[in-house]
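Working notes for the structure below.
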Amino acid sequence: MTSTQPSTGQADELALTVDEYAEFMREIEEQPKWRHTADKEMEYADGNQLDSELLKRQQALGIPPAVEDLIGPALLSIQGYEATIRTDWRVTPSGGIGGQDVADALNYKLNEAERESRADRACSDAFRSQIAVGIGWVEVRKETDPFKYPYRCGMIHRNEMHWDFKAQEPDLSDARWLRRQRWLPKERIALVFPEHKEVIEAIGTHGPSWWAERGIELLDGGTSTGLHNAWADARNWTVQEDRWYNPTNKDICLAEVWYRRWVNVPVLRSPDGRVVEYDENNPAHNAAVLSGKVEVSLAVVARVRRSYWLGPICLHDGPSPYTHQHFPYVPFWGFREDTTSVPYGYVRGMVYPQDSVNSGISKLRWGMAAVRTERTKGAVAMSDAQFRRQVARVDADIVLDAAHMAQPGARFEVKRDFQLNSQHFQLIQDGRQSIQRVSAVTSGFMGKEGTARSGLQEQTQVEQSNQSLARIMDNFRFARSLVGEMLLAMIVDELGEQQHVIVIEGDAVRADRTVVLNRPEVDPHTSIPYLSNDLQRTRLKVALEDVPSTASYRGQQLNAMSEAVKSLPPQYQAAVLPFLVSLMDVPFKKDVVEAVRAAAQQESPEQIQQRINQAVQDALAKAGNDLKARELDLKERKAESEIRNLDANTVQTGVQASYSAMQAGVQVAQMPQIAPIADAVMEGAGYRAPNPGGDDPNFPTPAGPQPAGSVPVEASAGAQPVEAPGVHHNTSPAFPPVPQHGASPMHGIETPTPADNLQ
């Protein structure tokens, strides 16, 4: 049967037929049976590691059950690692003028959708299933409730999803089909598909044989054509009915099937590399084709479609309501087998070590309390059952048969094997270490004390764990980016071609910004209308931001920047301080930044005084006092120069007088006879000695011996000559008497001083 669209009632050539849907069901039944193993592995991850059969056997043997969960903490440490390195989506333009403004506006809307649609929580929930069993699913769809946020992201359980195992691409872009099934009550399904309310109620009331129960009514007429066809399909349906009907609670399994149809379509390729599908009803496309500015070619493209099935009944079939070409279910792949493409995760390698640890602990506890007895028959005065119960007690009281023990060869002995317990303990330790070996999660990575004895060793072990998780984290980032692309596609589709004003709220550093999308404008040169910041013509892509946005990473940035700011000069510290405050996790950091900037704009006292002086000078210049001030400045400079000149002349005169005095002293010292003559000459010239006398210049005199022929300073200026020590009077008759003798015959000018002529 070819399904029909309820909205138009016209046959759709691309609609999914009931035979094709049945073929999908048979493919699902022939796929590898991996879901039971995945469910068991998730039970181990949740701590449910002992099944009922094992517990019964342990109870029969007297072995106490024991569970030391090592898988759960290992997975929680990996989940915590994902939370600490979580990154934000960022919209980047692929090219074109004005693309950055459009990207910034969409980036703001996308970050808002990331928060409100709970995309981070959905991806984290899918990440747990990804690392545990190798597959997780996230649904990205529009919210049907108008009172909620328009978009919604949620984690889908793996058992609800079935997909084409022949697909090789990680985003299932080459998959032929994907099916999700949910068990819902008939009333809820009837509200979504009111046009099929009658058949839905019939299936919910009579179960798989609804067509037989109401066969007479259908043959008598009075029903819609769609219901009659559904009755015929139900008779020919070969898939087991228990797959879509629960007779206990009357729930019905509703299947949502997404599939692709490949068709030939004409496409237009512009010179800038943009490719669009040709629409004959679009005047712009027709004009571009007639002008020859675009290249027209045929291409095989995929059409994504959606249909809803209730057993063999098709409730709806039509094209995808989204503009992107992906199924709205994003797979988060862990690892996949090479031959069968069966997904698996880390728990697969942890099951055996976990069982070994649990059984080892149970046997160790049992071995510590177990005893072995060796006795001859009749050695105890009680039955065998009573003896076994008594010997297992801590306060055991064994009554022996005295008569039997007195017989030759009678013996009773209780033994405990402690050597076997040490071997069990070593086996347990090896099992605990095996969990870390197979999961590549060290004790340091889990936040516990490990084998590292220094900070460098601890950091090395953590980096090794990060390296071992690189592959699965790369798969996670790819799937999360695909979630962002789907959200962005829905945002772009909602904005459409209408004008939108988006206010990008600022933070502690950046101010608010307004971007207008799809603004109608007219080219002033050609008078052709166009849209600035055209959302539909700007090619965009979603990338994960390189800088994580977690609180721990912001704390690391704050510490690193704080250390860097300490070494900066004060003027640079004031400039960087707002950025430093923006990294602090305080609710009022925006107010703190504004206060810091306001304080930085205040003037210091020196700056205020400098500004006052400058204002005074400007006022004087405006009043015409500039020339007078310059004249006063010149006079002041001239007076200062004259004063310095007088000081220099005074110094020069003093130096010359000193020099002349020294020269006179030298002449007198060398020729004492000229001193009286000089005095007479100066007296003849009118010289009068100063009264009172002048100041002694106190020139320094050498303390050592004087050169030969020199006269002591005391002999000058009328002083009496002093004989040098050790000099004797000349008494030789061959030489005349020395001039220093008072009884000298010299008179007048022959005497050394005029005082010699006075009697």
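Heads up: numbering here begins at 1 and tracks the sequence. Please read these numbers as outputs of a predicted model, since none were measured by experiment.
Rounded to the nearest 0.5 angstrom, Arg152 CZ and Glu116 CD are separated by 14.0 Å. One distance of note links CD of Gln652 with CG of Asp647; it measures 13.0 Å at 0.5 Å rounding. Atom CZ of Arg118 and atom SG of Cys123 lie 14.0 Å apart (nearest 0.5 Å). Rounded to the nearest 0.5 Å, atoms CG (Asp493) and NE2 (His324) are 9.5 Å apart.
In this structure Arg121 satisfies the side-chain hydrogen bond (donor to acceptor under 3.5 Å, both in side chains) test together with Asp125, sequence neighbours excluded. Take Asn613 and apply the side-chain contact (heavy atoms from CB on, under 4.5 Å) test, not counting sequence neighbours, and it matches Gln609. Partners of Val666 by side-chain contact (heavy atoms from CB on, under 4.5 Å), not counting sequence neighbours, listed by chain and number: Gln670. The side-chain contact (heavy atoms from CB on, under 4.5 Å) check on Val681 picks up Ile677, with sequence neighbours excluded. In this view, Phe476 and Phe127, Phe332 satisfy the ring-ring contact (aromatic ring centres under 6.0 Å, His included) rule, not counting sequence neighbours. Residues meeting the side-chain contact (heavy atoms from CB on, under 4.5 Å) test with Arg644, sequence neighbours left out: Glu640, Ser641.
Taking every heavy atom of both residues into account, Val138 and Val483 meet most closely at CG1-CG2, 4.3 Å. Considering all non-hydrogen atoms of both residues, Gln79 and Ser124 come closest at NE2-O, 4.4 Å. In terms of heavy-atom proximity, Ala675 sits nearest to Val668 at CB-CG1, 4.1 Å. In plain terms, the two heavy atoms of Val294 and Ser270 that are nearest each other are CG1-CA, 4.2 Å. Closest heavy-atom contact between Tyr81 and Met473: CE2-CG, 4.0 Å. Considering all non-hydrogen atoms of both residues, Asn107 and Trp89 come closest at OD1-O, 3.3 Å.
Donor-acceptor pairing under 3.5 Å is recorded for the side chains of Tyr659 and Gln663. Thr87 and Arg477 share no donor-acceptor pair across their side chains, judged by distance under 3.5 Å alone.
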Starting from the C-alpha separation in whole Å, work towards a yes-or-no answer on side chain to side chain contact (heavy atoms under 4.5 Å, CB included) for Leu487 and Tyr151.
CA-CA 8 Å; Leu487 280 175; Tyr151 317 117; 3.9 Å; yes
Derivation of the side chain to side chain contact (heavy atoms under 4.5 Å, CB included) call for Tyr149 and Glu112:
CA-CA 10 Å; Tyr149 192 74; Glu112 178 186 358; 3.9 Å; yes
Run the numbers on Arg480 and Asp120 for salt bridge (Lys or Arg N to Asp or Glu O under 4.0 Å), then give the verdict.
CA-CA 9 Å; Arg480 194 170 183 274; Asp120 291 337; 2.2 Å; yes
Begin from the C-alpha positions of Val140 and Met490 and carry the test side chain to side chain contact (heavy atoms under 4.5 Å, CB included) through to its verdict.
CA-CA 10 Å; Val140 184; Met490 290 190 291; 3.5 Å; yes
Could you go through Val492 and Thr323, starting from their C-alpha distance and side-chain angles, then the distance that decides it, and tell me whether this counts as side chain to side chain contact (heavy atoms under 4.5 Å, CB included)?
CA-CA 9 Å; Val492 173; Thr323 56; over 6 Å; no
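Looking only at side-chain heavy atoms (C-beta outward), Leu268 and Val275 stay at 4.5 Å or farther from each other. Between Phe478 and Asp171 the shortest side-chain heavy-atom distance falls below 4.5 Å. Counting heavy atoms from C-beta outward, Ile78 and Ile472 have side chains that stay 4.5 Å or more apart. Counting heavy atoms from C-beta on, the side chains of Leu482 and Glu485 come closer than 4.5 Å.
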